[in-house]
Amino acid sequence: MTGDSGGNAIRVRFAPSPTGHLHVGGARTALYNWLYARKTGGVFVLRIEDTDAQRSTSESYEGILRGMRWLGLDWDEGPDVGGDYGPYVQSARGVFYHTDAARLIEEGKAYHCFCAPERLEELKVEQKEKKLPIKYDGLCRGMSVEEADEKIEAGESHVLRFRMPEEGEARFRDIIRGDFKVANSELDDFVLIKSDGLPTYNFAVVVDDARMKISHVIRGDDHISNTPRQVHIYLALGYRVPKFAHLPMILGGDGTRLSKRHGAVSIDWYSGQRYLPDAMVNYLALLGWSFDDRQELFSRKALIDKFSLKKVSKNPGMFDNDKMEYINAEHFKKLSPTRKVMHVYHVLKCEGYIPGDFHVDLEKPVDLKLVPGTEPLTGNGAEDDERGAGDELGRLYLIVSALGNRLKLLKDVPGHIGYFYRDDYDVDDNAVKNHLMRKEVPERLERLAGSLEDLSYFDRERVEETVRTLADDMKIEAGELIHPSRVALTGGTVSPDIFQVIVLLGREKTAERLRKAAGMARR
Ligand code: GLU
């Protein structure tokens, strides 16, 4: 899909510099571009702006792509996927910058400047002292092309500057912020190509946006002050000026621009903490946009339906981690049972809990096809060619159902579910002290282990009956068997229905843990 069939095709782009993590602000910009493209049937381009060779790194590049993929912001053109307007990495586009620069020189709209950095520095100091605006004084502006060419031949260091028209002004309309007008006298002959031959941000961004036929430039409002210069470049090159939409900045809780100081701001952190990408997308959407000032929970599809640039606010968005947590929990609650299991399976697999330390054959395996409200378990690593993956998912389905709403966040999966897969689960020392270290406990646990082993059929009803009958025989309350068993089997005092836990741990593992706990209590 190129979306280039007509002159009015909507083409937007996210243009990160690979100099750090994909952070909340960048991800919000990417998301708004993506939503706009998906809503309008336009094209979403990803372009990597790596003209700052010193600060650009391949780790950052990989990290940005990883973050975009995790968020589900797929790009129609860009690195990895190609497209008609590539390459999509600025360091590979030198020829375009130099072609367009040559045109500006030829038309007298740009000129070479040989002023040494020291001279420019002195100029700055002088202007500061005299309280004049800091700008290039135009010393090389009058030099003839021949003289400049000679100096270049002779190997003199130089930059290329834009010849700012003395009269007039730059105007543009911002979809979010309205009309802007900046007098040319406030702008200077800014640099287009640096002395190392690389384009400046302002020049590269215009050449690329124009050549990639970008119709709407949607980006953070930290770039609004660059826009008048960029408008000049578009006009000088005879390119159509795109529409602009500058997004409001995002503030941290203390009212200053969101940054590392405010804690977690990188998308990698959220994916590492197992937030749901749909929840993150929902929350990012709210940082500067609202549908009706009331609705907060949106599916991805609803966001695509409802998003509009006109409803993006001029006022800064406030990043609030509690709200992010809330939205994440709401999305988790709404997952269908199958999707929940799929996510949990993925976490267990990534964290090395699957395959587990032991295998459990359920007496009555779950046929997921027969479970109401479930869809086929595929995607996210759940489609598995390992033998027994189907049974494992059936067991996990029952584990997750038994946990119910106790499981609120995916990052809690190992804590809530680990003991079903591993023997080295966390053990609560207080629980051990209070419920296991008592002289009557070893015999109780051992007798329970024996009775459970003798069961002919190992399902919840029979397990419960066994526990209650044994308690009656021993003339104790069922709780006096249940509490130490829970600590013995799960390491703590809180778990789903203990009879279900026993079934899901299986006969052998249950007996083994009860006996081990008995041995420990006896010491
Ligand atoms: N590379 C610029 C940045 O990371 C993007 C500029 C733009 O979107 O025009 O801020």
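Every heavy atom of this structure was used, including side-chain atoms; hydrogens, water molecules and symmetry mates were not. Just so you know, ligand 1 is whichever comes first in the structure, and atom 1 is the first atom listed for that ligand.
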Aromatic centroids of Trp289 and Phe298 separated by under 6.0 Å: yes
Ranked by distance from atom 10 (O) of ligand 1, the top protein heavy atom is His223 NE2, 2.9 Å
Which one of Arg93, Arg13, Glu77 satisfies the side-chain contact (heavy atoms from CB on, under 4.5 Å) criterion with Tyr88? Glu77
State which residue, out of Lys130, Glu122, Lys124, Lys128, fulfils the side-chain contact (heavy atoms from CB on, under 4.5 Å) condition with Glu126. Lys130
Are Tyr275 and His331 close enough that their ring centers fall under 6.0 Å? no
Please report which non-hydrogen protein atom sits nearest to atom 5 (C) of ligand 1, along with the residue it belongs to and the distance in Å to one decimal place. Ala15 O, 3.1 Å
Do the ring centers of Phe420 and Tyr353 come within less than 6.0 Å of each other? no
Quick note on ligand 1: atoms under 4.0 Å from a heavy atom of Arg13 include exactly 7 (C), 8 (O), 9 (O)
For Tyr201, take its heavy atoms, then give the atoms of ligand 1 lying under 4.0 Å from any of them. 6 (C), 7 (C), 9 (O)
Per-atom filter on ligand 1: closer than 4.0 angstrom to a heavy atom of Val205 are 9 (O)
Taking the six-membered ring for Trp, are the ring centroids of Phe319 and His262 within less than 6.0 Å of each other? no
For Phe14 and ligand 1, answer yes if some heavy atom of the residue is under 4.0 Å from a ligand atom, otherwise no. no
Are any of the N/O atoms on Val217, whether in the backbone or the side chain, positioned under 3.5 angstrom from an N/O atom of ligand 1? no
Which residue holds the protein heavy atom closest to atom 4 (O) of ligand 1, what is that atom called, and what is the gap in Å? Ser17 OG, 3.2 Å
Check ligand 1 against Glu49 and write out every atom of the ligand that is under 4.0 Å from a heavy-atom position of the residue. 1 (N), 2 (C), 5 (C), 6 (C)
Do the two ring centres, one from Tyr32 and one from Phe307, sit under 6.0 Å apart? yes
